[in-house]
Amino acid sequence: MALRLYNTLTRSIEPFEPAQAGKVSMYVCGMTPSFHPHLGHARTFLTFDVLLRHLRASGYDVTYVRNVTDIDDRIIDRAAKEGVPWDQVVTRYLDEFEECAKLLGLLEPTFSPRATREMPQIVELIERLQARGVAYETSDGVYFSVEKDPEYGSLSRRNLDELRAGERIAVREEKRDPLDFALWKKAKPGEPTWPSPWGPGRPGWHIECSAMCRRYLGDRFDLHGGAMDLIFPHHENEVAQTETATGLRPMARYWMHAGLLNVDGQKMSKSLGNFVPMKELLQRYPAAAVRYQFLQTGYRKPSNYTTTALEGAAKGLRGLYDELDAVRASAGDGVPHSEGLVAADAFDAFLDDDLNTAGALGWLQTAVREAKAAAISDPASAHANVAVIERCLGILGLPATALAAGWTAPRGVVLDPAHRDTLRALAGDGQLDGAALIDKIIELREEARTKKNFAASDRLRDALTAAGVEVKDKKAGDGGRGVDGP
RNA sequence: GGCGACAUAGCCAAGUGGUAAGGCAGGGGUCUGCAAAACCCCCAUCCCCAGUUCGAAUCUGGGUGUCGCCUCCA
């Protein structure tokens, strides 16, 4: 089985064959840190994270570049609005992104270059374009002339006339064509600047990616990724710049685009009030549940985020871990088989099929159940089966255990004041709070149960349930009790 | 106005020619002081219409609907 991927360039699924056997060079458009990273970012980067893991697991030596566009109009606007230096905005949101990336378990890119540290390469590329006669200077910047590129529009499948018909915005008259885009923007007073042959200024959006691709992966490389919304104009313009500058095409043999995320059926946006900051969500749910949720949908399909769906995904993943733990528990004695009863070929085949993570996840759920059943009749199978399943989890970037995924006893619980007071009354102690208070109530309930005072024990359990703490008694003999939530 | 994607059970969702994976929720049962957990079982004919085919959720044509792109966006 070999990897097949949907290529935006050809709008079809093709066998994936890197230029150099055994090696893959891939570039994914990263963050522009001008605001809080959101759930949509998570989906895109999670998609390419799984691709990266799958490629590596398939034996490829992958060079993965994920850039940071750390200078751009929105960053400047944001800084102006807040009255802080532009680089403070960058640092703040980039730190926030990196914190989230860590929680989500995103593998570190081989390189994560930043636009502001690539100025010589950017300037050099613009000079090349000028030398080739496809760029021109105006009083406010340097522009790329789209009509000089006969292939313009090939990635997004648009032609210039169509695009011009859609133009809505009054255009700066100095541009020769409304579709021409800035390679370099000459600075207005107060804006951050870098020196250039055209005077102090900053790069236009798009050119930084062309420059970084070339520097880290060369004039041509295997795969370029990003989210769907980047196809036009960002990637189209990147292609135009790079290919006219180098004369080599295609700059990337495969283009992959992750589907966009909607929230409650609508595009996520600040104005609609449905903007979901990644960090906030990761504080409420285990990151692994978020990952599981996204992997449950094909990466190219539009995905709709709802709380219900995420909670369902969280429970589904939790259930998988519980079953896996059961298999582990029976892996104790006996001579382990060298091979598992559960073969992972099917799992790999799903991923080879244009990264069908949803199918792979479905297979995994079934595999765990089978492994659990097998462990009962044949305990010796457990070892190998656990290994197979853990390998699969690893390729999907999911932790191996519920604990590692962040499901822990609620040590740091914060009780709602009303519930806290109820619990304190039941405990007969007005000082206790949080986990200690919950423990006290559970202890009292155990006593009541021992005395067969079920009315009292139920009252205590109901109070805990109301406070969001779920009590799960285990089968007598197992001892102990489980506590979940809130 | 132009371009495109999507449309499978209450929800999330896989499945591109042979009679519908998986998860969540729901229902029934075993067990249990009760509840939970665990285990077993049940739960869709695939937006509509017309075609192609021995046979279609899967192909073709026509509708309808939702979302998106054409301006900033992962």
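Convention: sequence-line order gives letters A, B, ...; per-chain numbering from 1. Every heavy atom of this structure was used, including side-chain atoms; hydrogens, water molecules and symmetry mates were not. Remember, predicted model here, so these are calculated numbers, not experimental data.
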Chemist: Do A/Arg66 and A/Tyr27 meet the cation-pi criteria used here (NZ or CZ under 6.0 Å from the six-membered ring centre, within 45° of the axis)?
Modeler: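 Ring-cation test returns no.
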Chemist: Spell out yes or no: do the side chain of A/Arg157 and the base of B/C3 have one donor N/O and one acceptor N/O closer than 3.5 Å?
Modeler: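 Absent.
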Chemist: Which residues in residues 34-48 of chain A have at least one heavy atom lying under 4.0 Å from any atom of RNA chain B?
Modeler: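 Contacting residues: A/His38, A/Gly40, A/His41, A/Thr44.
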Chemist: For B/C3 and A/Arg11 - does any side-chain N or O of the residue sit under 4.0 Å from the phosphate oxygens OP1/OP2?
Modeler: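 Checking A/Arg11 against B/C3: no side-chain N or O falls below 4.0 Å of OP1 or OP2.
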Chemist: For B/U16, give its Watson-Crick or G-U wobble partner with both distances under 3.5 Å, or none.
Modeler: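 Paired with no nucleotide.
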Chemist: Under 4.0 Å: is that the gap between some side-chain N or O of A/Lys301 and OP1 or OP2 of B/A7?
Modeler: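 For A/Lys301, the contact criterion (side-chain N or O under 4.0 Å from OP1 or OP2 of B/A7) is met.
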Chemist: Please confirm whether the shortest side-chain N or O distance from A/Asn356 to OP1 or OP2 of B/G15 is below 4.0 Å.
Modeler: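 For B/G15, OP1 or OP2 has a side-chain N or O of A/Asn356 closer than 4.0 Å.
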Chemist: Taking only the side-chain nitrogens and oxygens of A/Thr366, find out if one of them lies under 4.0 Å from OP1 or OP2 of B/A21.
Modeler: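 Checking B/A21 against A/Thr366, no side-chain N or O comes under 4.0 Å of OP1 or OP2.
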Chemist: Hey, is the side chain of A/Arg369 poking within less than 4.0 Å of OP1 or OP2 on B/G23, counting only N and O atoms?
Modeler: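 A/Arg369 to B/G23 OP1/OP2: side-chain N or O found under 4.0 Å.
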Chemist: Can you pull the salt bridge (charged side-chain N to carboxylate O under 4.0 Å, His left out) pairs that have at least one residue in residues 29-51 of chain A, sequence neighbours excluded?
Modeler: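 Residue pairs passing salt bridge (charged side-chain N to carboxylate O under 4.0 Å, His left out), neighbours aside: A/Asp49-A/Arg53, A/Asp49-A/Arg291.
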Chemist: Looking at A/Asp70 and A/Arg114, is there a salt bridge between them, counting it only when a charged N and a carboxylate O are closer than 4.0 Å?
Modeler: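 Salt bridge flag = yes for A/Asp70 with A/Arg114.
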Chemist: Using atom P in both nucleotides, what's the gap between B/C47 and B/U53 to the nearest angstrom?
Modeler: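 23 Å, rounded to whole Å.
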Chemist: If the C1' atom of B/A35 is compared with that of B/C43, how far apart are they to the nearest Å?
Modeler: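 The same atom, C1', in both gives a distance of 24 Å.
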Chemist: Kindly state each residue pair satisfying salt bridge (charged side-chain N to carboxylate O under 4.0 Å, His left out) with at least one member in residues 295-305 of chain A, sequence neighbours excluded.
Modeler: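 Of all non-adjacent pairs touching residues 295-305 of chain A, those that pass salt bridge (charged side-chain N to carboxylate O under 4.0 Å, His left out) are A/Arg300-A/Asp354.
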